[in-house]
Student: 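Provided herewith is a single structure, encoded as structure tokens, for subsequent inquiry.
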Amino acid sequence: MQDILIKNVRVIDGTGAPWFHGEVFVKDGKIAVVAKKVEATASRVIDGQGLVLAPGFIDSHSHSDTNWFLDPRGESKIRQGVTTEVTGQCGESGAPKRLDDQDAGQTEAAQGDAKMPTWSSFDEYLTALSRNGVGVNLATLVGHGTVRIAGMGYDDRRPTPDEMARMKEYMKEAMEAGAFGFSSGLIYPPSAYASTDELVELAKVVASYGGIYATHMRNEELALLQSVNEAIEIGHRAGIPVHISHHKACDKRAWGQVKQSLAMIDEARRHGVDVTADQYPYVATATGLSAIIPSWAHDGGPKALLARLKDPEVGAALKSKVELDQGDDGWYRLMITDVKSEKNKACEGKRMTEIAAMWGIPPVEAAWRLLCEEELEVGYVRFAMCEDDVKTVMKHPCVMIGSDASARAIDGPLSTGSPHPRAFGTFPRVLGKYCREEGLFPLETAVYKMTGLPAWRLGLWDRGLVRPGMAADLVLFDPDKVIDTATFENPKQYPVGIECVIVNGEVVIENGQHTGAIAGKVLRRGRSE
Ligand code: ZN
Ligand code: CU
């Protein structure tokens, strides 16, 4: 591994402290020296004239779980300056899974791919990722939904004592393998079928290992505040740090309530419950289209759901409920991003109302046709939030940045569909739009929300800061130019202004180009590599 001397830069160290003129010397994958002037000769010198040097960004909310097996470069992440991501979010992780249930624990991108290794336990999954190679460092959470499927199937009911014991065993195994905590996805069945008590019981197991609880809450619309209450209650009862995922208010009638929810976080912290949150910098959400179907209809799993959609009586009842939920402009706010089959490709990038007009049927029928023909594998974005709320949340001192996206690329196997632009633009957008253009906070604060803060949240004590002894995850960017270019209409575009990215001391992005290096590590909590 080459020694690297980086000079002529303004260093923003990730603590939130003001920048300083300095030089950084990298040796054996670590930051060896940080000084005004470094007295050392390096085999490689990077002149960063005009650039900022910061710790590599930590994507505090990622869904790349199994995408790494399809393309280990993870280009949409690394080109934003991301050098570590936190996967296993929203209740879904790559493991554990029962060997007799091969597709249950996998994300859609991974299903049916021949190159995919097999694994069952969390430890085997992490080992498979390491063997495969990962373009950025990974810190993993174990998903509550994934554990529930492995422990008791896809049923809408309480676990039996035996099943509860099995789920705890899965949590234990994941934590011992090196997970950093667990996540819930309380709008997604089967995670949604859990009671608060079930989550508290499992959280206690995770807490005993020093892990965190990240939650996609039960409701981010009119019941937003009750959901925040539940999250805080779990933190209080289980003695676990609580992390609210992608904090937002998704319904016009709930806009503005983030002021109260953030006050609740402050209040909980005053009382000793350690609550934080992450956010992506956009006014649209993204998920699978089956999320528009009420959760009771998911009982038994995807096959059972499909059968209910197609059933004349149950299907009709579901349609009227979904139609009601969408309200006046719901279908217009909803844009299809990904479909599985060739025949519906023309729907990608179109609003539901456009698709309905194209087919000459009502929007609800068009949604049904897509769900049935694509066997539920349809992705969508929904324009549901407002700019004021995005800014209010972003400014809060306990809020960090997370893309809520999986790694994508503009070529190769991860280039399919028309994803939410957050996959390509999150970090440069915060730096360029919210920090530079809108002046929401100083650049040091923006960097802190992407580095020191998430590293602290996870207990990644050797990353997230520019300090001697830290892993050499670094990014050089142009503070006057950095910006996202990905849009909802044309999302597959890399940002500009991210000039150089170094992962574990290896240069991965240089002059805006990928060097081919795959330099990430699979991190295991409590272990140094
Ligand atoms: Zn989520
Ligand atoms: Cu998520």
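The figures that follow rest on heavy atoms only: side chains count, while hydrogens, waters and symmetry mates do not. Counting starts at 1 for both ligands and their atoms, in listed order.
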Student: Test the R158-Y193 pair against the cation-pi criterion, namely NZ or CZ under 6.0 angstrom from the six-membered ring centroid and within 45° of the ring axis.
Tutor: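 Ring-cation test returns no.
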Student: Which heavy atom in Q80 sits nearest to a heavy atom in G425, and how many Å separate them?
Tutor: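 Residues Q80 and G425, closest heavy atoms: OE1-C, 3.5 Å.
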Student: For D411, I'd like to know if atom CG has over 12 heavy atoms of other residues, nucleotides or ligands within 6.0 Å.
Tutor: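 Check passes, neighbour count above 12.
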Student: List-wise, which protein N, O or S atoms are found short of 2.8 Å from the Zn ion (ligand 1)?
Tutor: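 Short answer, with waters excluded from the count: C90 SG, H216 ND1, H246 NE2.
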Student: Looking at the rings of F69 and W119, which for Trp means the six-membered one, are their centres under 6.0 Å apart?
Tutor: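 Yes, close enough.
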Student: Are the aromatic ring centres of F488 and H420 under 6.0 angstrom apart?
Tutor: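 Aromatic pair counts; centres sit under 6.0 Å.
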Student: Once salt bridge (Lys or Arg N to Asp or Glu O under 4.0 Å) is applied, what residue pairs with a partner in residues 273-298 remain, sequence neighbours excluded?
Tutor: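 Qualifying pairs: R269-D274, D274-R457.
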Student: Should the ring pair Y280 and Y282 be called parallel, tilted or perpendicular, given that the plane angle runs from 0 to 90° and is split at 30 and 60?
Tutor: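 Y280 and Y282: tilted rings.
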Student: Using ring-ring contact (aromatic ring centres under 6.0 Å, His included), reason through H216 and Y188 one step at a time and then give a plain yes or no.
Tutor: CA-CA 9 Å; H216 179 150; Y188 303 113; 5.1 Å; yes
Student: Using the side chain to side chain contact (heavy atoms under 4.5 Å, CB included) criterion, which residues pair with N219? Sequence neighbours excluded.
Tutor: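 Once residues adjacent in sequence are excluded, the partners of N219 under the side chain to side chain contact (heavy atoms under 4.5 Å, CB included) criterion are E221, A223, S227.
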Student: So what's near the Cu ion (ligand 2), protein N, O or S atoms under 2.8 Å?
Tutor: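 Protein N, O or S atoms closer than 2.8 Å to the Cu ion (ligand 2): H61 NE2, H63 NE2, C90 SG, D404 OD1.
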